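Letters A, B, ... mirror the listed sequences (proteins, then strands); counts begin at 1. Just so it is clear, the model here is predicted, and its values are computed rather than measured.
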There are 2 protein chains.
Amino acid sequence: MMNDIKWSKAEKEVARRAFDSAYERECGAIRAKLQEMTASASQPADIWEIHDYLSDRRRAVDGKYDYRYSVLIMVFSRLIEEGWLTEPDLLGLGADKIEKIGQIVSWR
Amino acid sequence: MMNDIKWSKAEKEVARRAFDSAYERECGAIRAKLQEMTASASQPADIWEIHDYLSDRRRAVDGKYDYRYSVLIMVFSRLIEEGWLTEPDLLGLGADKIEKIGQIVSWR
């Protein structure tokens, strides 16, 4: 079970940094898209389309970035699949964790 | 009662144009603020602040722009108070309506 995984102090630091990097990257992509949409907005409907876009992204991001150690392996697997994390970001995690993440990514 | 007010065809055209103009102006101001906020957004928190701003404005605008003839005198009064309409926009409405709007604006 994921709850049984132990995280050392050093691993927690790596995990926190990776998690924050992924969040920054994904928010950076949302910001770029927002800037693009805003620059070309000319009608009232364009504003509400931007609002719908941000509502959708906020819901997705809030649901995804869950920093509980009991779910972190699943979260990292998903972030890798979506391209917000790459393996080098996880350097420093134990082989047990890297292996689990690799299994989940390859299963799906 | 506001429900008793009769609107001629010509008045309905003036009302519709005034209503649409106010909506365009207010949405234009929201768009300008959105562009300003977006241009200076640098952190993830800035994106969610923009989302909060748009949620707030959308709720306000949706509640305010109610084009039912039974409430239109109240709506126009409010739009004048807030500066989205000016008296020249209402040229062509009957004296009864202009007077009612004037009374409501001066009461508050």
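Minimum interatomic distance between B:Arg58 and A:Trp48 (heavy atoms only, all atoms of both residues): NH2-CB, 3.3 Å.
With a threshold of 4.5 angstrom between heavy atoms, B:Asp62 does not approach chain A through any atom at all. Contact of B:Ser42 with chain A is made through the backbone alone, with heavy-atom distances under 4.5 Å.
Summarising the geometry, atom CD1 belonging to A:Ile30 is positioned 5.5 Å from atom CD1 belonging to B:Ile47; distances are rounded to the nearest 0.5 Å.
Taking a 6.0 Å sphere around CD of B:Glu82, one finds it holds more than 12 heavy atoms contributed by other residues, nucleotides or ligands. Other residues, nucleotides and ligands place no more than 12 heavy atoms under 6.0 Å from the CD atom of B:Glu87.
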Just do the side-chain contact (heavy atoms from CB on, under 4.5 Å) check on B:Leu54 and A:Tyr53 with the steps written out, would you? CA-CA 11 Å; B:Leu54 289 179; A:Tyr53 169 72; over 6 Å; no
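Ranked by heavy-atom pairs under 4.5 Å with chain A, the list B:Arg57, B:His51, B:Glu26, B:Gln43 is led by B:His51. Looking only at heavy-atom pairs under 4.5 Å with chain A, the residue among B:Gln35, B:Arg31, B:Glu24 that has the most is B:Arg31.
Counting heavy atoms from C-beta outward, A:Thr38 and B:Glu36 have side chains that stay 4.5 Å or more apart.
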